[in-house]
Amino acid sequence: MKGSLYALVYAAVLGAVCALLLTAAAGVTAPYRQANAEAEETLNILMVLNVPLEADISAKQLGEVFKNNLREAERGGITTYLYSSPEAQGRIQAIALRFSGPGLWGPIKGFLALEQDMKTIRGITFYEQEETPGLGGEIVTEGFRKRFVGKTIHDKDNNVGIVICKPGSAKEQNEIDGITGATMTCDKVQAMLNEAIKSIVEEKQ
Amino acid sequence: MMSETSAWVIFIAAIFTNNILLTNFLGMCSFIACSGQIRTSLGLGTAVTFVMIMTTILNYVIYHFVLVPLGLVHLQFIVFIAVIAAFVQLVEMFVERFSPRLYFALGIFLPLITVNCAILGASLFMIIREYSFIQSIGFGLGAGIGWAVAIVLLAGLRQKMRYSNIPEPFQGVPIAMVVTGVLAMAFMGFAGMVSIQ
Amino acid sequence: MADKQLACMTCEPKGLCGGRGLLTLKEGAWANNPLAIQILGICSALAVTNRLENSLVMGAALIFVCVGSNLLVSLLRKRTPHRIRMIAEVAIIATFVILFDQFLKAFYWDMSKQLGPYVGLIITNCIVMGRAEAFALQNPPVLSIVDGVANGLGYAVVLAIIGFFRELLGTGEIFGYEVLSGQWYTPNQLMILAPGAFFALGIVIGIFNAIKGPVAEEKK
């Protein structure tokens, strides 16, 4: 009996010490982790808008570039980021919007940037995805993302929506070559992009 | 509205295209140590599948209904492994009473299921991939079965290899690794197999 | 430094490690290398070695956790009830792992995203658990630290070798800098995917055995 009591007390004390230590560590590191997450997001938005950035820019400088060049605005229920560099004197050069949705394996999140005509795609980035490495996971590569640049968000007849099609068969202005062996991931990316696009287009009308 | 990946698709994919052992490398230690005999491997695979599906469900509930509301997310690793350890202890007692033969055959490997990276990994992946409850069930079951399939396949391959002429430095683990690599390549070929609807 | 080593080897009982420091170091890092000889901790060796940088950070993580847990388990070894010793070990290991994970997320964010769940999975890494159970539980604290360092180092070195070749052959780069020029070398993408990991590990262990093999024969 005494042995069991000792074991219980031991376990309780050990558990308490560990939990306390970890909670303390979590508290100490929380502001840094938060700052990192924010810096990553800021970097993604700036990158997708092609805002010129120095190499090895610090988190603080990122925040400053963001403040000087970007404005937030609500549109169709989504937050959009309007890029207007100080030289442009108020003229909006590009717009970025976040998109997210379920991928094949986990959530996919990223930013889509449109030129000021709100029709041509300026760029796309993915900052979260859990797709199959080498297949769906290739969506983050520059090769795939470059295919979006210059494409439009609606077809010749002004129907809104992009189409990610079989690799090599993209012809129309709103069609983009997909990734071999990653049809499902591409389908899901297409769906979530179109949902985000529809939201801001509908609001304009 | 966007369609979520169905639990069924996740289940199939967890066995073939995203096999937790052949793609995510989890559960290798017991894989190497135990995969000599097909029968033992089958027994171990079943035990791991059972523990995996049950602990995934338990950890889902604990994470979403206890840890998140109380802001204790940073304790998830400890809580998950504690749940797994407790559950394996239960399974051990159960197997000892109802199937002494299996208990004897599994020997040390039964308590070692606690530290099988695949089981903790399954719970961690479930959280990272933000699965719903139904999806988690599909994933836990699929991952377990996928692991069992891989380990049984390798046991069979190793049995065959006993009659091959392998250079001495490569006998045992090294050649098993190379063969597993070929197996992983074969499973990559399943990639186009899974499609919705 | 050399004098200290000599002192260890001359079995000076007053030495900090009771004279077994050097032996423990050699055992853990080479003769009983956790990855190549004991075949433990393979999961992470396969998962994070797709880039050399990831391998090094994972190696550092393991050294930190192994030393920390060995030290604590050894300090508590006379007070830990036998029945719950495994749970106690897991709790201690988990604490160190989570500490590393939190600080990684705070100060090396990109790496944390690269390593993903595999940092957390150090908890189930057979090496750490194995050393706690087989060594730290029966040995004094300072010697346990040496054992932790030795095993961690042995693991880190093998990991670095695998990571080096996988990144080099898989992308032609080291630490992200192009080494094998894209003009004549087509990167073998298979090396950074799953099968490449298995091949690399198998070959490294095979070579390790080949090097060690003849030495073992001599000793006989």
Side-chain angles (χ1 to χ4, degrees), chain B residues 18-33 74-82 84-86 89 111-125 127-129 166-188, chain C residues 35-49 86-87 89-95 97-99 101-102 105 116-130 133 190-191 193-214:
Chain B
N18 271 50
N19 187 298
I20 202 166
L21 193 149
L22 295 172
T23 313
N24 295 112
F25 311 112
L26 299 182
M28 291 299 307
C29 295
S30 17
F31 181 55
I32 292 291
H74 56 273
L75 293 178
Q76 68 181 282
F77 292 163
I78 279 196
V79 170
F80 286 175
I81 194 80
I84 294 172
Q89 186 74 24
L112 277 183
I113 291 179
T114 309
V115 289
N116 186 322
C117 351
I119 300 192
L120 181 62
S123 291
L124 291 182
F125 278 131
I127 300 296
I128 289 177
R129 295 174 185 170
I166 301 172
E168 204 184 316
F170 276 80
Q171 281 174 9
V173 177
I175 195 67
M177 286 283 102
V178 173
V179 167
T180 310
V182 177
L183 198 56
M185 275 173 75
F187 270 62
M188 276 175 83
Chain C
L35 252 181
I37 301 292
Q38 296 180 61
I39 319 287
L40 299 177
I42 301 194
C43 316
S44 38
L46 296 164
V48 306
T49 47
M86 283 214 108
I87 301 178
E89 284 162 13
V90 171
I92 292 173
I93 294 173
T95 306
V97 170
I98 299 177
L99 280 173
D101 184 54
Q102 294 283 341
K105 282 201 174 80
Y118 291 101
V119 176
L121 286 173
I122 295 180
I123 298 178
T124 49
N125 188 309
C126 324
I127 299 179
V128 189
M129 197 50 164
E133 175 82 359
L190 198 66
M191 287 309 291
L193 296 178
F198 287 110
F199 293 146
L201 183 64
I203 293 175
V204 166
I205 298 182
I207 294 179
F208 204 92
N209 284 343
I211 300 177
K212 271 199 96 260

(request) Return the set of residues passing side-chain hydrogen bond (donor to acceptor under 3.5 Å, both in side chains) with S123(B) (not counting sequence neighbours), or none when no residue passes. (result) N59(B)

(message) Given heavy-atom pairs under 4.5 angstrom as the criterion, report whether the side chain, backbone, both or neither of T23(B) touches chain C.
(response) backbone

(request) Examine whether an atom of A47(C) lies under 4.5 Å from a heavy atom of chain B, and if so say whether it belongs to the side chain, the backbone or both; otherwise answer neither. (result) both

(request) Work out which heavy atom in C117(B) is nearest to a heavy atom in G27(B); give both atom names and the distance. (result) SG-N, 3.8 Å

(request) For T49(C), check side-chain hydrogen bond (donor to acceptor under 3.5 Å, both in side chains) against everything at least two apart and list the hits. (result) R166(C)

(message) Ring centres under 6.0 Å, that's the criterion: do F25(B) and F198(C) meet it?
(response) yes

(request) Would you mind telling me which of I203(C), L35(C), I37(C) makes a side chain to side chain contact (heavy atoms under 4.5 Å, CB included) with F208(C)? (result) I37(C)

(message) Quick check for you: among G120(C), A94(C), A197(C), which has the greatest number of heavy-atom pairs under 4.5 Å with chain B?
(response) G120(C)

(message) Looking at chain B, which one of L193(C), I205(C), L121(C) has the largest number of heavy-atom pairs inside 4.5 Å, strictly under?
(response) L121(C)

(message) Need one label for I78(B): side chain, backbone, both or neither, based on atoms under 4.5 Å from any heavy atom in chain C.
(response) both

(request) Return the option, out of I175(B), V179(B), N24(B), I119(B), with the maximum number of heavy-atom pairs under 4.5 Å with chain C. (result) N24(B)

(message) Can you tell me which portion of N125(C) sits under 4.5 Å from chain B's heavy atoms? Options are side chain, backbone, both or neither.
(response) neither

(request) Let me know if L190(C) has heavy atoms under 4.5 Å from chain B in its side chain, its backbone, both or neither. (result) side chain

(request) Side-chain contact test, heavy atoms from C-beta onward, threshold under 4.5 Å: evaluate it for M185(B) versus F199(C) and give yes or no. (result) yes

(message) Which atoms of V173(B) are under 4.5 Å from chain C, going by heavy atoms: the side chain, the backbone, both sets, or neither?
(response) side chain

(message) Is any side-chain heavy atom of N209(C) closer than 4.5 Å to one of E168(B)?
(response) no

(request) Select one option (side chain, backbone, both, neither) describing which atoms of F125(B) are under 4.5 Å from chain C's heavy atoms. (result) side chain

(message) Given heavy-atom pairs under 4.5 angstrom as the criterion, report whether the side chain, backbone, both or neither of L120(B) touches chain C.
(response) both

(message) Heavy-atom cut-off 4.5 Å, strictly under: side chain, backbone, both or neither for V182(B) against chain C?
(response) both

(message) Please check this pair: side chain of Q171(B) against backbone of I166(B), looking for a donor-acceptor N/O pair closer than 3.5 Å.
(response) yes

